[in-house]
Amino acid sequence: MNLSFRQLQTFVAVMRTGSVSEAGRSLHRTQPAISAMIAGLEKEIGFPLFERERGRLIPKPEAHFFMEEAEFLLDRLTRSTRTLQEIGNLQKGRLRVACNPAASSFFMPRVVAGFLRDRPEIEASLMMRSSPVVTDWIASQQYDVGFAETPEPRRTIRSEEFEFPCVCALPKGDPLEKKPAITPEDLDGKPMAMLFDEHKVTSQTRAAFEETGARLNRRFELRTFLPALQLVAEGLGYTICDGLSAVSHEQSFGSQSTVVFRPFEPACVISMSLMQPANRPLSMLVEEFSNELRKEILDLLETARSF
């Protein structure tokens with residue numbers, strides 16, 4: 001059986017109006033077209049729904065029974081059509097985003113909020129984990145979009161890299177605030193808040209100190225830069241952090257911040273990547289969000305380079 005939407009629509013119109021001519025007017029079709037559509041429907045289902053009397057269609061009991069089913073199907077088709085239109089207009093769907101701690105405090109929630117503000121029917125999942133975990137989630141297709149430190153190349157991940165400069169964070173009012181750039185010599189022997197040994201920024205910082213002969217005093221060892229910046233705000237030391245963390249901190253605290261940022265020389269960088277699963281096509285919704293996120297990352301990068 002191969003019933004069409006138009007056959008069901010015509011049948012319901014005839015039943016509701018009680019007349020072929022009225023049904024034709026309501027559907028903007030001719031009477032012969034309505035009669036032909038009803039005849040085609042009856043042929044498809046294999047039995048008559050109406051008796052013909054003097055050009056009129058008289059509904060049989062089977063027609064009244066079928067009416068309920070037809071109205072249900074039309075309503076379902078209408079809702080499905082509306083849903084498909086909303087999906088096509090990026091008004092329905094689900095978005096799954098994962099990011100590392102540096103992006104989670106302010107940047108990514110702001111981007112997601114801006115994208116979803118006028119899309120109340122879209123469900124969103126925004127999760128924060130370490131960069132390796134975010135990478136694994138994208139590779140296993142558990143999440144649609146990831147933003148984290150650049151991993152080693154993987155066939156299961158499609159990525160786009162962005163290099164963020166590192167800056168020196170120091171307490172507001174510190175004498176070093178007057179300097180246009182901070183060097184290892186400026187931080188000689190001063191208490192530093194740093195990440196674990198394997199982190200790329202830690203490696204670059206250590207190499208910069210060793211190259212100049214400055215003494216590196218790592219007082220605090222941390223997992224992320226967020227607590228490091230809080231320690232700097234409390235006046236307990238300094239940190240060399242990525243520009244993403246610096247911009248997020250400034251945007252979060254604004255004029256209330258007690259941390260200032262200066263360029264660090266020699267230059268240190270950290271690579272961040274916009275990641276997506278490589279083994280399946282992107283939905284229109286994910287593609288649109290990814291494009292928006294890319295623009296925001298580029299704007300963020302320009303801000304980070306302006307320190």
Side-chain angles (χ1 to χ4, degrees), residues 95 97-119 124 126-131 134 145-149 162-182 186-187 190-195 199 201 205 219-220 222-265 267-272 274 289 291-307:
L95 183 64
V97 182
C99 65
N100 71 341
S104 69
S105 62
F106 183 84
F107 173 68
M108 191 62 74
R110 180 178 62 81
V111 176
V112 171
F115 184 75
L116 298 182
R117 184 166 288 112
D118 298 323
R119 298 179 170 97
L126 175 56
M127 291 293 173
M128 182 275 289
R129 288 293 188 274
S130 67
S131 291
V134 171
V145 180
F147 186 53
E149 293 177 23
F162 304 86
E163 283 199 344
F164 282 82
C166 292
V167 295
C168 180
L170 50 146
K172 196 170 187 178
D174 189 277
L176 292 178
E177 184 179 348
K178 298 177 182 178
K179 298 200 63 176
I182 308 299
D186 296 322
L187 301 173
K190 295 184 182 296
M192 300 288 294
M194 301 173 62
L195 302 195
H199 197 273
V201 174
T205 301
R219 183 181 181 190
F220 304 100
L222 306 159
R223 189 71 190 174
T224 70
F225 285 118
L226 299 181
L229 291 173
Q230 185 59 39
L231 291 170
V232 173
E234 297 291 340
L236 296 178
Y238 307 80
T239 191
I240 309 301
C241 70
D242 63 279
L244 170 58
S245 295
V247 174
S248 294
H249 181 87
E250 284 207 334
Q251 292 178 338
S252 296
F253 290 92
S255 61
Q256 303 300 314
S257 174
T258 56
V259 177
V260 294
F261 298 95
R262 294 291 181 268
F264 181 71
E265 297 176 353
C268 297
V269 297
I270 185 169
S271 178
M272 301 286 293
L274 168 59
F289 175 76
N291 291 336
E292 184 65 27
L293 177 57
R294 184 178 296 104
K295 295 176 185 177
E296 293 288 346
I297 293 172
L298 290 173
D299 288 344
L300 183 71
L301 188 55
E302 286 300 312
T303 303
R305 289 170 175 168
S306 68
F307 282 117

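From a predicted model like this one, the values you see are computed outputs, not experimental measurements.
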Subject >> Those residues that, when tested against R262, pass side chain to side chain contact (heavy atoms under 4.5 Å, CB included) (two or more places apart) >> reply: L170, E177, I182, V260
**OP:** Please list, chain by chain and in numerical order, all residues satisfying side chain to side chain contact (heavy atoms under 4.5 Å, CB included) with D299, sequence neighbours excluded.
**Re:** none
Ring pair (Phe, Tyr, Trp, His ring centres under 6.0 Å) involving [X] - partner list, sequence neighbours excluded:
{"X": "F307", "answer": "F261"}
{"X": "F220", "answer": "none"}
{"X": "F289", "answer": "F115"}

What distance separates [X] [atom1] from [Y] [atom2], expressed to the nearest 0.5 Å?
{"X": "R305", "Y": "L301", "atom1": "CZ", "atom2": "CG", "value": "3.5 Å"}
{"X": "R110", "Y": "Q251", "atom1": "CZ", "atom2": "CD", "value": "5.5 Å"}
{"X": "D174", "Y": "K179", "atom1": "CG", "atom2": "NZ", "value": "11.5 Å"}
{"X": "E149", "Y": "D242", "atom1": "CD", "atom2": "CG", "value": "7.0 Å"}
{"X": "L187", "Y": "C168", "atom1": "CG", "atom2": "SG", "value": "5.0 Å"}
{"X": "I240", "Y": "F225", "atom1": "CD1", "atom2": "CZ", "value": "9.0 Å"}

**OP:** Look at the side chain of S104 and the backbone N and O of P101, then say whether any donor-acceptor pair between them is shorter than 3.5 Å.
**Re:** yes
Original post:
Hey, does the side chain of T239 reach the backbone of A169 with a donor-acceptor pair shorter than 3.5 angstrom?
Top reply: no
Original post:
Heavy atoms, side chains only, cut-off 4.5 Å: are R219 and L231 in contact?
Top reply: no
**OP:** Evaluate the side-chain proximity of L293 to M108: yes if any heavy-atom separation is below 4.5 Å, no if none is.
**Re:** yes
Please report the closest heavy-atom contact between [X] and [Y], naming both atoms and the distance.
{"X": "A102", "Y": "S248", "answer": "O-OG, 3.5 Å"}
{"X": "L274", "Y": "V145", "answer": "CD1-CG1, 3.5 Å"}
{"X": "L126", "Y": "P109", "answer": "CD2-CA, 4.0 Å"}

Original post:
Taking only residues two or more places apart in sequence, or in another chain, which ones meet E292 in a side-chain hydrogen bond (donor to acceptor under 3.5 Å, both in side chains)?
Top reply: none
Original post:
Parallel, tilted or perpendicular: which describes the rings of F107 and F147, with under 30° parallel and over 60° perpendicular?
Top reply: tilted
